[in-house]
Chemist: 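Have a look at this one.
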There are 2 protein chains.
Amino acid sequence: MNGRYPIALHILTLLSKTELELMSSEYIAGSININPALARKEISNLRNHGFIESKEGKGGGYSLAKPAKQITLADIYRAVKEPHVLGLAKNSPNPDCPVGKQINKNIEELYEELDHAFLLKLETKTLEDFTNQFD
Amino acid sequence: MNGRYPIALHILTLLSKTELELMSSEYIAGSININPALARKEISNLRNHGFIESKEGKGGGYSLAKPAKQITLADIYRAVKEPHVLGLAKNSPNPDCPVGKQINKNIEELYEELDHAFLLKLETKTLEDFTNQFD
DNA sequence: TTTACTGTAATATTTATTATTACAGATGAA
DNA sequence: TTCATCTGTAATAATAAATATTACAGTAAA
């Protein structure tokens, strides 16, 4: 997996911690130490998932769209997730091999189960729980 | 994450399924549909972790080093794993930001807990369980 | 001593991720 | 109205990671 999950978590933590009305993408990007355009891209995704509200124009910026207590870490995961927690090989296994011809189905089933267990754990934690760990 | 986990699982499934004494890297690579050198590289890693035995020279090849029942999917995960199930950002967050200066510690703690829960689930499944799903 | 394997390194290629640049559109304020 | 400041998004470039390829030394059986 790539760095999208920690970045999303960072963004949402910032928004849940600020007393300011709106926070700019420049400040957010500066805190994470990434490019503002990249920050806006991830923010845009999080906004589409209903976590963030934005206001355009001068004095615009971002804020949480709902209380941190109502956002679980599983919700955030689903907003940025890869197809599966464990990686997928992009090869097409050999259909003439007894193992090759069945392995994709069996891996798929295993992964479904693992993803489910993983989300169950993430479900128990809210953004508020996470941000409460900060001073 | 990348395709190493499914590849490792594929290799070990093949070895647990074959009645042949030794299986060649060429056959293994052919079943997965990857390059033999890449297969040998992952095999080499799995051998270092005690899952596979190899024999060099003419008529050489690979076999399981211990019964599939004694290998859990968690063992395999640990042999190929990334630092964490969820991705890490490689950026250094801004130390002048109250959130930025603490987030790495808090993410690290979260990830430890998630990895632990994830491994607990993988621990319940053996390679034998997985290979039993094949005809 | 030839043949068929593994072991491993070096290199090339491809793909994925991240960064950069650019600019249209929105909004508030002078 | 017009300027300044912000978001939204696309296009492109740069970098990094994953994978493929090639090569060949070492080993062991026939």
Side-chain angles (χ1 to χ4, degrees), chain A residues 1-8 10-11 14-15 18 20-49 51-63 65 80-84 86-93, chain B residues 1-8 10-11 14-15 18 20-49 51-63 65 80-84 86-93:
Chain A
M1 202 177 176
N2 52 32
R4 282 184 64 198
Y5 191 78
I7 285 173
H10 195 142
I11 291 167
L14 281 169
L15 295 181
T18 183
L20 298 171
E21 267 310 288
L22 298 176
M23 185 173 272
S24 72
S25 64
E26 198 190 342
Y27 182 86
I28 292 170
S31 173
I32 305 173
N33 201 11
I34 59 174
N35 194 281
L38 185 60
R40 289 203 290 270
K41 198 176 170 191
E42 190 57 56
I43 289 166
S44 176
N45 175 51
L46 294 169
R47 181 164 46 82
N48 291 337
H49 281 85
F51 305 135
I52 292 180
E53 277 172 351
S54 65
K55 190 177 169 215
E56 293 185 46
K58 186 171 182 180
Y62 306 95
S63 61
V80 303
K81 83 165 178 164
E82 301 294 311
H84 292 291
L86 286 181
L88 291 169
K90 332 162 182 38
N91 316 292
S92 313
Chain B
M1 203 178 176
N2 51 29
R4 282 185 64 198
Y5 191 78
I7 285 173
H10 196 141
I11 292 167
L14 282 169
L15 295 180
T18 184
L20 298 170
E21 267 309 289
L22 298 177
M23 185 173 271
S24 73
S25 64
E26 199 190 341
Y27 182 85
I28 293 170
S31 174
I32 305 173
N33 201 10
I34 60 173
N35 195 281
L38 186 59
R40 290 203 288 271
K41 198 175 169 191
E42 190 56 57
I43 289 166
S44 176
N45 175 50
L46 294 169
R47 180 165 48 80
N48 291 337
H49 282 84
F51 305 134
I52 293 179
E53 276 171 353
S54 65
K55 188 175 171 221
E56 291 185 47
K58 188 172 180 178
Y62 305 95
S63 61
V80 303
K81 83 165 181 162
E82 300 295 309
H84 292 292
L86 287 182
L88 290 169
K90 337 171 177 32
N91 314 292
S92 312

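Because the structure is predicted, anything quoted here is derived from the model rather than measured. Throughout, protein chains are lettered first and strands after them, A, B, ... in sequence-line order, and every chain is numbered starting at 1.
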Chemist: Is A:S25 near enough to D:dT7 that one of its side-chain N or O atoms lies under 4.0 angstrom from OP1 or OP2?
Modeler: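 Yes, within the criterion.
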Chemist: Taking atom P of D:dG8 as reference, at what distance in whole Å does atom CD of A:E26 sit?
Modeler: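 Taking atom P of D:dG8 as the reference, CD of A:E26 is at 15 Å.
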Chemist: Counting only side-chain heavy atoms from C-beta out, which of D:dT7, C:dA29, D:dT27 sits nearest to B:E56?
Modeler: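 From the listed options, D:dT27 comes nearest.
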Chemist: Out of curiosity, B:N35 CG to B:S25 OG, how far, rounded to the nearest 0.5 Å?
Modeler: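 Output value for this atom pair is 9.5 Å.
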Chemist: Sort out for me which residue in B:R4, B:R47, B:H10 forms a side chain to side chain donor-acceptor pair (under 3.5 Å) with B:E42.
Modeler: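 Single pass found, and it is B:R4.
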Chemist: Tell me: CE of A:M23 to C1' of D:dT5, nearest whole Å?
Modeler: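 After rounding, the gap between these two atoms is 17 Å.
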Chemist: Does B:N45 reach the main-chain N or O of B:K41 with its side chain, forming a donor-acceptor pair under 3.5 Å?
Modeler: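 Flag not set: sc B:N45 to bb B:K41 has no pair under 3.5 Å.
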Chemist: Nearest-Å distance, NZ (B:K55) to P (C:dA4)?
Modeler: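 It is 16 Å, rounded to the nearest whole Å.
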Chemist: Check whether any side-chain nitrogen or oxygen of B:Y62 sits under 4.0 Å from OP1 or OP2 of C:dG7, and answer yes or no.
Modeler: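 Looking at the OP1 and OP2 atoms of C:dG7, one of them is under 4.0 Å from a side-chain N or O of B:Y62.
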Chemist: Could you tell me the separation between the CD1 atom of A:I7 and the C1' atom of C:dT18, rounded to a whole number of Å?
Modeler: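 Rounding to the nearest Å, CD1 of A:I7 and C1' of C:dT18 are 9 Å apart.
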Chemist: Any base atoms under 4.0 Å from B:L22, or only sugar-phosphate, or nothing? Heavy atoms, all strands.
Modeler: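 Nothing: the residue B:L22, judged by heavy atoms under 4.0 Å, touches no strand.
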Chemist: Within the structure, does a side-chain N or O atom of B:N35 lie under 4.0 Å from either OP1 or OP2 of D:dT21?
Modeler: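 Affirmative; the distance criterion is met.
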Chemist: Which residues in residues 37-47 of chain B have at least one heavy atom lying under 4.0 Å from any atom of DNA chain D?
Modeler: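 B:A37, B:L38, B:R40, in order of number.
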Chemist: Just compare C:dG28, D:dG8, C:dG7 and give me whichever is closest to any side-chain atom of A:S54.
Modeler: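 Taking heavy atoms from C-beta onward, the closest nucleotide is D:dG8.
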